[in-house]
Structures are given as C-alpha cells and as structure tokens.
Amino acid sequence: MSNFHDKVIYQAYPKSFKDTNGNGVGDLNGVREKLAYLEDLGVDMLWLNPFYKSPQNDNGYDVADYKSIDPMFGDWDDLDALIREAKAHGIDLMLDMVLNHTSTDHEWFQKALAGDKKYQDFYILRDLQEDGSLPTNWESKFGGKAWSKFGDTDKYYLHLYDVTQADLNWRNPEVREELYKVVNFWLEKGVKGFRFDVINVIGKDEQLKDAEDGVGKSHYTDTPIVHDFIQELNKETFGPYGDIVTVGEMSSTTVENGIKYSNPDREELSMIFSFHHLKVDYKDGEKWTLQPFDFIELKRILNEWQEGMVEGGGWNALFWNNHDQPRANSRFGDVVNYPFETSTMLAQTIHLLRGTPYIYQGEEIGMTNPGFEELDQYVDIETHNAYREMKEKGLSHDEAMEIIQFKSRDNSRTPMQWNDSKHAGFTEGTPWLQVADNHTTINVESRGDSTRIRDYYKQLIKLRKSMPIIQEGAYEMLELEHPSIFAYVREQDGEKLLVLSHFYGEEATFTVPDNLLELEASYLIGNGKERSLDKSFQMGPYETVAFLLK
Ligand code: GLC
C-alpha cells in the first residue's frame with residue numbers, strides 16, 4: 001500500500017494562522033505554537049502556503065527568492081524548529097512550490113531586465129505581431145491580457161497570472177535545473193511533501209499562437225510536454241527519496257490527464273487537485289457571477305473523478321476548501337440555521353471517498369465567509385481586478401460587491417479564529433486582513449458548534465486510519481439523479497460502506513436498494529441521532545450518515 005492512502009493533510013495559510021510577534025501577519029512560530037492542536041486533530045501532514053521572500057502582490061505566490069524565508073514570517077531557526085517539533089508531534093511538512101512563474105522582483109527577472117541574455121531566456125519573451133498586436137491574444141487568469149512590456153525593450157513577457165508573476169521558460173534546460181535545485185534544497189531541510197502550484201501549465205506550446213477562443217488555455221494546459229517535465233522533476237528531486245508526498249494543483253485538467261499525473265507507474269506525482277466540482281455555481285463557466293449550485297452536476301463531477309481515477313489507477317486529493325475558494329459551508333449549505341449539520345455533512349461526504357482528504361484551516365471549526373461589505377476590506381489582487389472588470393461591464397457597485405462577498409478568495413483567508421477576543425486570538429497587532437465578526441461564536445475555544453464540528457472531524461480522521469475500506473475500497477455512486485441526496489458505496493473484501501449525505505434543508509427520502517438491505521447494517525457515524533437502515537430512509541436537513549454492511 002502506498003504511504004499516503006491513510007493520511008489526512010491540513011493546510012495552514014501562514015499569513016492568517018497565528019501571529020506571534022504582533023506585526024499582524026501570521027508566522028512560522030505561530031504554526032509551531034499550534035502543533036499540539038494539529039496533533040490532537042489527528043492530521044499527518046501540514047501544507048504551508050508560500051512563506052518565501054516576496055513582494056506579496058499575490059500573497060507569496062509571487063516568489064522573489066525560492067531559498068529564503070520572508071522575515072515577516074520568521075527566520076531559519078524558526079523553520080528548523082518547526083520541522084523538528086512538527087516531527088515530534090507526528091506531523092510532516094508539505095511546502096508550496098511555485099515553479100510556473102517568479103515574481104518580477106526575482107533576481108533572474110531583474111538580471112533579464114538589465115539585459116543579461118542568459119536570464120532573458122529564463123522567461124517567455126516575444127515581439128509584437130506584425131500588425132502591432134500582442135504576441136498572442138491570451139488572457140491572464142487574473143484579468144486583462146497575458147502579456148506586458150518587458151522593460152524599455154520592444155519585447156513583451158508572458159504572465160498567465162498577475163503582471164508581477166512572470167512565467168518561466170521550462171523549455172530551457174537551465175531553468176529546469178535551477179528549479180530542481182530549489183526542490184532539492186527543501187528536501188535536504190527535511191521537508192516531506194510538496195504542493196506544486198499550477199503545475200499543469202508549465203509546458204507552453206513551442207510556437208505561441210493566437211487562440212481561437214481568445215483565452216488561450218489549450219495552448220499551455222496539460223500539453224504532452226508537461227508530463228515529460230514532471231517525470232524529470234520527479235527523477236531529479238523527490239523520486240529517489242521514495243517517501244515524499246506530492247500533490248499537483250491542476251488548473252482545468254481532465255480525468256485522462258489526472259490519471260497520467262497520479263498513476264504511480266508513471267512516476268509523476270502522488271495525487272492531484274482538480275477544481276471542476278468547485279465551479280458548479282459559476283454561470284456559463286464564469287466565476288464572477290451568482291447562481292445556486294447545481295447539485296446533480298456536483299455529483300456527476302465528483303463521480304466522474306472517483307470512477308475515472310479508480311479505473312486508471314490515479315489518486316484524487318479530496319477537498320472543498322483552500323486559500324483560493326470561498327468557504328464551502330457558506331456555499332453548499334446553510335450556515336445560519338444548520339452550521340453543525342452543514343459542516344459535518346460536507347466533511348463526511350469527501351472524507352469517506354477514495355483519495356486523500358485536505359482540511360483547510362478553520363474548516364474544522366465551521367468558519368464561514370466573513371461577509372465583508374466594503375471593497376477596501378478585501379486585499380486580494382484578483383478581487384480588485386474582478387471589481388474593475390465588473391464595473392467596466394456595467395455592473396453597479398452594489399452588484400459587484402454582492403458577487404465579491406460570495407466569490408472573493410479573501411473569504412477563506414481571514415485570520416484563524418482561535419478564541420472570542422479582539423482579533424480572535426490571531427494577533428495582538430492589527431491583522432493584515434480583518435477577522436470575521438462571527439469569531440465571537442465560531443472559534444476553537446467555544447464550547448458550541450465549533451467544538452462539535454472539530455470532534456466530528458477527529459472521528460472521520462480516525463476512521464480513515466483504522467479502516468482499509470475507506471483507504472482502498474472500491475467506489476460506486478448510487479442514484480446520481482437523486483435531487484438532494486449524495487449516496488455512494490465503498491466496498492472491500494465483501495464488506496460495504498454506505499454513505500448518505502443530504503445537501504438541502506428539507507426532509508428527503510432515499511430508497512435503499514434491496515441488495516444492500518439484504519446485508520446486516522451497523523451504524524458507523526452520523527451527524528444526527530443514531531439510525532438504523534431501512535428501505536425508505538428519511539433524512540433530516542443536511543444530515544449525513546454512514547453504515548457498515550456485512
Ligand atoms: C495557485 C494558487 C493561487 C495563486 C496562483 C498563482 O492557483 O493557489 O493562490 O494565486 O496559483 O500562483
């Protein structure tokens with residue numbers, strides 16, 4: 001069995017986790033301080049978002065020096081102590097590697113700007129087209145065009161994200177060699193896992209051309225050469241270690257590619273994050289819109305990825321939340337009337353699937369979107385770009401703000417709510433991003449729903465560790481068309497695990513298939529009263545339940 005199928009990974013967003021020096025920004029010592037909390041939760045690995053030197057235009061995903069620690073997060077002693085102490089708590093570190101692009105403050109880009117040809121070939125520089133238009137018509141994922149002028153030359157550089165995030169030229173072997181040195185540097189420090197940021201867009205087409213759709217994704221996403229690059233990355237860095245857990249963040253990928261990235265025989269990555277299930281509330285594929293989520297589509301997508309990865313021997317990362325997503329409980333449930341049921345139902349739905357669950361900080365206590373109403377309460381660059389674009393499209397300020405309240409990435413980036421004091425026990429200073437008002441009730445120390453939700457997560461984590469059927473069992477969806485219940489069966493060695501989750505606030509009934517009723521059912525876990533299984537199974541609002549069948 002693989003070394004990660006029984007593991008659960010926790011994501012801490014260092015900027016917002018715990019500040020120990022009063023500068024309003026979370027730090028490595030803050031993470032150290034909370035290791036006992038994480039051990040108590042039961043997680044095995046801790047993914048930390050970037051804490052390297054960075055101008056912070058994209059909160060650290062604009063890396064200015066890969067082998068450094070930004071002083072606002074701490075120093076080398078803090079990091080060494082964190083790695084050591086985490087180990088003592090049974091937790092390994094997973095670091096975020098942003099290898100698709102560097103900050104334009106990075107030494108390589110600066111040297112390139114100063115005219116150094118070697119470093120100019122580290123980036124993707126092109127001339128304007130003959131008619132004076134940009135090298136290609138591609139769009140930046142953060143709004144606007146994907147090309148900006150390269151200093152005072154006639155050339156333009158590619159940036160699929162912010163203008164201060166210049167895409168690296170992976171076709172240049174020297175670039176790859178430098179990046180492998182970075183990964184090896186962190187491996188030598190004792191890091192046991194990596195999350196590779198937007199790794200499926202590193203292999204741009206050799207000839208860059210205008211895209212028919214005017215967006216350009218197909219010219220750089222999941223191209224065949226990406227797999228070659230990842231195989232080489234594996235071989236040159238973490239592969240030989242044998243015990244390193246890796247996850248690739250895959251922008252707009254397909255099941256077919258997901259299998260390639262994560263099937264162990266191909267020696268690429270341990271698993272991948274795909275995002276299709278988190279786009280089921282986008283109108284016409286557009287993020288900055290409002291629309292109730294499409295439940296059947298949500299099930300269809302999760303089902304497709306479960307089935308596809310089983311068939312192709314791939315492995316899914318299972319998640320609802322991360323630092324780029326609004327809070328799932330504010331999105332797929334009712335946090336006003338059923339905060340406990342919503343949070344635990346969502347958790348159970350994915351924790352009992354086949355894959356590796358990720359918990360994003362605060363999820364385990366039921367943290368929600370903060371509901372900020374003013375534009376200046378938001379810090380995120382993508383949010384501000386989106387505001388501008390929505391206004392340009394003719395939306396009013398209020399309309400744009402309503403969308404931002406539901407869609408901004410800052411919804412998940414607000415400081416961790418440790419207690420009910422001012423700034424939620426996150427900082428003694430002024431937090432870089434405001435704390436959500438509801439920290440007075442939703443916090444780690446509260447004896448209310450937050451504690452109950454956390455206890456539920458602990459149970460789910462324990463179940464995964466103790467039950468091979470959860471780790472390795474086969475998977476089958478039941479009644480895809482059921483309008484409100486998500487039902488699936490896991491199976492191993494003649495045993496079955498039936499999981500039923502109700503995604504809505506009314507009562508609903510699930511008709512249990514006869515072949516399951518013939519087996520003896522024992523109640524395993526649920527967020528309501530203990531139940532017994534019967535043919536016409538009634539479910540309460542946001543109820544979730546699992547039975548073991550023998
Ligand atoms: C990933 C990160 C996101 C960042 C982007 C560009 O999607 O998760 O936070 O903005 O890559 O690096």
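Note that ligands are numbered from 1 as they come in the structure, with each ligand's atoms numbered from 1 the same way. The analysis underlying the following values was restricted to heavy atoms, covering all of them including side chains, and did not include hydrogens, waters or symmetry mates.
- A donor atom on one side chain and an acceptor atom on the other are not found under 3.5 Å apart for S408 and D380.
- Heavy atoms of other residues, nucleotides or ligands lying less than 6.0 angstrom from CD of E399 number more than 12.
- Within a 6.0 Å sphere centred on NZ of K189, other residues, nucleotides and ligands contribute more than 12 heavy atoms.
- Under 4.0 Å from ligand 1, the heavy atoms of R195 that appear belong solely to its side chain.
- By the ring-ring contact (aromatic ring centres under 6.0 Å, His included) test, Y10 is found to be paired with no residue, residues two or more places apart in sequence or in another chain being considered.
- Within ligand 1, the atoms closer than 4.0 Å to a non-hydrogen atom of V198 are 1 (C), 7 (O), 11 (O), numbered from 1 in the order shown.
- Of all the listed residues (N100, D162, L99, D58), D58 holds the heavy atom that lies closest to atom 6 (C) of ligand 1.
- Of the protein's heavy atoms, D324 OD1, 2.7 Å lies nearest to atom 9 (O) of ligand 1.
- Which parts of ligand 1 touch H101 is read off a 4.0 Å heavy-atom cut-off, strictly below it: atoms 6 (C), 12 (O).
- H384 contributes a side-chain N or O that, together with a main-chain N or O of Y378, makes up a donor-acceptor pair within less than 3.5 Å.
- Given atom 11 (O) of ligand 1, the protein heavy atom at minimum distance is D197 OD1, 2.9 Å.
- Distances from ligand 1 to the non-hydrogen atoms of R413 include at least one value under 4.0 Å.
- Listed by atom number, the atoms of ligand 1 under 4.0 Å from H323 heavy atoms are 2 (C), 3 (C), 8 (O), 9 (O).
- In the vicinity of Y161, heavy-atom distances shorter than 4.0 Å reach the ligand 1 atoms 6 (C).
- Looking at heavy atoms from C-beta onward, M72 lies in side-chain contact with K15 at the 4.5 angstrom threshold.
- Annotation for ligand 1: atoms under 4.0 Å from non-hydrogen atoms of R409 are 3 (C), 4 (C), 9 (O), 10 (O).
- Scanning the protein heavy atoms around atom 7 (O) of ligand 1, the nearest turns out to be E249 OE2, 2.8 Å.
- Taking the six-membered ring for Trp and the full ring otherwise, F17 and W418 have centroids separated by under 6.0 Å.
- Residue contacts with ligand 1: Q165 is included, with a non-hydrogen atom under 4.0 Å away.
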Mind listing the side-chain donor-acceptor pairs of residues 272-280 below 3.5 Å, one per line with the distance, residues two or more places apart or on another chain?
{"residue": "H276", "atom": "NE2", "partner": "T253", "partner atom": "O", "Å": "2.6"}
{"residue": "H277", "atom": "NE2", "partner": "F319", "partner atom": "O", "Å": "2.9"}

